[in-house]
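Reckoned from all heavy atoms, side chains included, excluding hydrogens, waters and symmetry mates. Here the structure is a predicted model, which is why all the values come from computation and not from measurement.
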Amino acid sequence: MQNTTELKAAVEKYIENLGLDNRKPANLYQPMAYILSLKGKRIRPILTMLAYQAVSGQQPAHAMNLAVAVEVFHNFTLVHDDIMDRAPVRRGNATVHIKWDENVAILSGDALLAFSMDMVTRDFPEKAAQLVKEYTHVSLAVCEGQMEDMDLAIQTNATIPDYLEMIRKKTAALLGGCMSLGAIAGGADLEIVSQFREFGESLGIGFQLQDDLMDAFPPEGFGKQVGGDIIENKKTYLLLKAQELADPGQKSKIDELLQKNTESKVEEMLTLFRELDIEAHTQKLILSYFDRAKALGQALSQKTKFEPLRSYLQEIANRQI
């Protein structure tokens, strides 16, 4: 059995051998090869393979095409997200639309999506219909989540359920999709597939909320700008919960800060968050999602070879899931 370090290396080698940078037209395929060469943790393909292994009992690399399809799709979303966010850097390198231009980036992103679709059923043609249906469901959810994120940015009456549903789609749906696609490939029934999907989505929401929390209340040595979301007026759970709990005076102060662009903005907003105990409220919600994932993991452990997947999640998240 390959360990996760070996699986990551196998994914890297497989992507390198796709030969995208040798295809024509070069100005379509070279940006695709470029974004994939920037690597990353490759969490999604590893999760896909481990979910497949958990259900089938087979070597995880048997699902390599499916796993890489998920990673190619993820990179498609990054290319397009970077255009929408006007981001100049991705993983320490120039983004595709900066290195080339926006038209090239849009078309190369589209090609990444098409390329990923071609890979989804290669390993398991007998399961093509179910895999394509699940893949399409996940793809649409991610696109819906991105649009809902853009909509939330301009809404004046956004709610906490709105935000949680947005991150479920934009961030967590693909994590759930890694699990569900791997389970389908492994031959799981609909109930098991659904449990894998919900397990991944619960983790994904918990991880996103944790990221939101660390932006405002980072652990020691976090190494990133504190309060980036506050500076950008992002409607995170922390802000929405503060607006929900605030008294009239505090609400007025929050509204005032949202109009500010001063050096004191972050600390003033954090002071309000502390007054309203937002850190504790957020931690409680995070724990509820991780507890749900833990319960689903325990149920799946009774029916599948779940331990390698659990161990990997503990490795990347440093949490008892």
Side-chain angles (χ1 to χ4, degrees), residues 81 84-87 144-173 175 198 201-295 313-314 316-321:
D81 284 358
M84 289 182 275
D85 294 342
R86 296 290 184 260
E144 288 173 6
Q146 177 65 20
M147 180 57 71
E148 289 173 11
D149 191 21
M150 294 165 62
D151 290 342
L152 279 176
I154 59 175
Q155 283 182 13
T156 58
N157 59 345
T159 67
I160 289 171
D162 290 337
Y163 178 72
L164 293 175
E165 178 63 4
M166 181 275 289
I167 63 173
R168 184 191 70 79
K169 291 178 176 178
K170 180 180 177 179
T171 303
L175 206 61
E198 187 179 351
E201 288 189 356
S202 296
L203 283 178
I205 295 171
F207 289 153
Q208 183 59 57
L209 289 167
Q210 196 171 54
D211 285 347
D212 294 348
L213 182 63
M214 288 191 295
D215 182 84
F217 300 100
E220 187 175 348
F222 186 52
K224 291 185 180 180
Q225 178 188 33
V226 176
D229 290 344
I230 294 171
I231 292 169
E232 296 178 26
N233 289 342
K234 284 191 175 179
K235 291 186 175 72
T236 63
Y237 172 79
L238 283 76
L239 176 60
L240 295 172
K241 190 65 176 177
Q243 291 173 321
E244 177 187 285
L245 295 175
D247 63 30
Q250 291 168 324
K251 284 181 180 178
S252 178
K253 182 64 175 177
I254 290 171
D255 290 342
E256 176 188 329
L257 288 172
L258 291 174
Q259 303 304 315
K260 272 190 174 184
N261 189 21
T262 63
E263 291 184 6
S264 64
K265 175 176 179 172
V266 171
E267 191 51 48
E268 289 183 71
M269 187 68 83
L270 289 176
T271 297
L272 280 166
F273 284 177
R274 293 185 187 102
E275 290 174 3
L276 295 165
D277 209 14
I278 296 303
E279 183 175 8
H281 284 288
T282 308
Q283 288 173 333
K284 181 178 179 181
L285 184 61
I286 291 168
L287 185 60
S288 73
Y289 281 103
F290 285 146
D291 282 347
R292 177 58 181 158
K294 185 175 181 179
L313 288 165
Q314 289 176 346
I316 63 173
N318 194 28
R319 282 194 167 271
Q320 298 300 314
I321 298 298

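Side-chain atoms of Y289 and F207, non-hydrogen and from C-beta on, never get closer than 4.5 Å to each other. Put simply, the side chain of Q210 does not reach to within 4.5 Å of the side chain of L213, judged on heavy atoms. Contact of the K265 side chain with the I231 side chain is not registered, since no non-hydrogen atoms from C-beta on lie closer than 4.5 Å. In this structure the side chain of M166 never reaches within 4.5 angstrom of the side chain of K235, judged on heavy atoms. Using a 4.5 Å cut-off on side-chain heavy atoms (C-beta onward), T236 and L209 make no contact. Between D151 and Q155, some side-chain heavy-atom pair lies under the 4.5 Å cut-off. Taking 4.5 Å as the limit, every side-chain heavy atom of V226 sits out of range of all side-chain heavy atoms of D215. Counting only heavy atoms from C-beta outward, the side chains of I286 and I205 never approach each other to under 4.5 Å.
Here L272 contributes atom CG and Q243 contributes atom CD; the two are 11.0 Å apart, rounded to the nearest 0.5 Å. Here CG of L270 is found 11.0 Å from CD1 of I278. Values are rounded to the nearest 0.5 Å. One distance of note links CD1 of I167 with CD of E148; it measures 11.5 Å at 0.5 Å rounding. In this structure, the separation between CG on L257 and OG on S264 is 7.5 Å, given to the nearest 0.5 Å.
Between the side chain of S252 and the backbone N or O of P248, no donor-acceptor pair lies under 3.5 Å. Using modelled atom types, no side-chain atom of K241 and backbone atom of F273 make a donor-acceptor pair closer than 3.5 Å. D162 contributes a side-chain N or O that, together with a main-chain N or O of T159, makes up a donor-acceptor pair within less than 3.5 Å. Judged by distance alone, with hydrogens and angles left aside, the side-chain atoms of Q250 form a donor-acceptor pair with the main-chain N or O of D247 at under 3.5 Å.
Taking a cutoff of 4.0 Å between a charged side-chain nitrogen and a carboxylate oxygen, E267 and R274 qualify as a salt bridge.
Contact record, E201 with A172: O-CB, 3.4 Å, taken as the closest heavy-atom pair. Across every non-hydrogen atom of A246 and I254, the tightest pair is CB-CD1, 4.1 Å. Here the closest non-hydrogen pair linking V266 and G227 is CG2-O, 3.8 Å. For the residue pair M269 and L239, the shortest heavy atom distance occurs at CE-CD1, 4.3 Å. Closest approach of A158 to L152, counting heavy atoms only: CB-CD2, 3.5 Å.
Here the rule is salt bridge (Lys or Arg N to Asp or Glu O under 4.0 Å) with E144, and of R168, K169, K170 only K169 fits it.
A 6.0 Å sphere centred on CE of M84 holds more than 12 heavy atoms belonging to other residues, nucleotides or ligands. Around atom CG of D85, more than 12 heavy atoms belonging to other residues, nucleotides or ligands sit under 6.0 Å away.
No donor-acceptor contact under 3.5 angstrom links the side chains of N233 and K260, judged on distance only. Residues Y163 and D212 have side chains that bring a donor and an acceptor to within less than 3.5 angstrom of each other.
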Can D277 and L245 be said to form a side chain to side chain contact (heavy atoms under 4.5 Å, CB included), step by step? CA-CA 10 Å; D277 209 14; L245 295 175; over 6 Å; no

I'd like to know whether D229 forms a side chain to side chain contact (heavy atoms under 4.5 Å, CB included) with L238, so could you lay out the CA-CA distance, the side-chain angles of the two residues, the decisive distance to 0.1 Å, and finally the verdict. CA-CA 10 Å; D229 290 344; L238 283 76; over 6 Å; no

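Listed by first and then second residue, the side chain to side chain donor-acceptor pair (under 3.5 Å) pairs involving residues 278-288 amount to none (not counting sequence neighbours).
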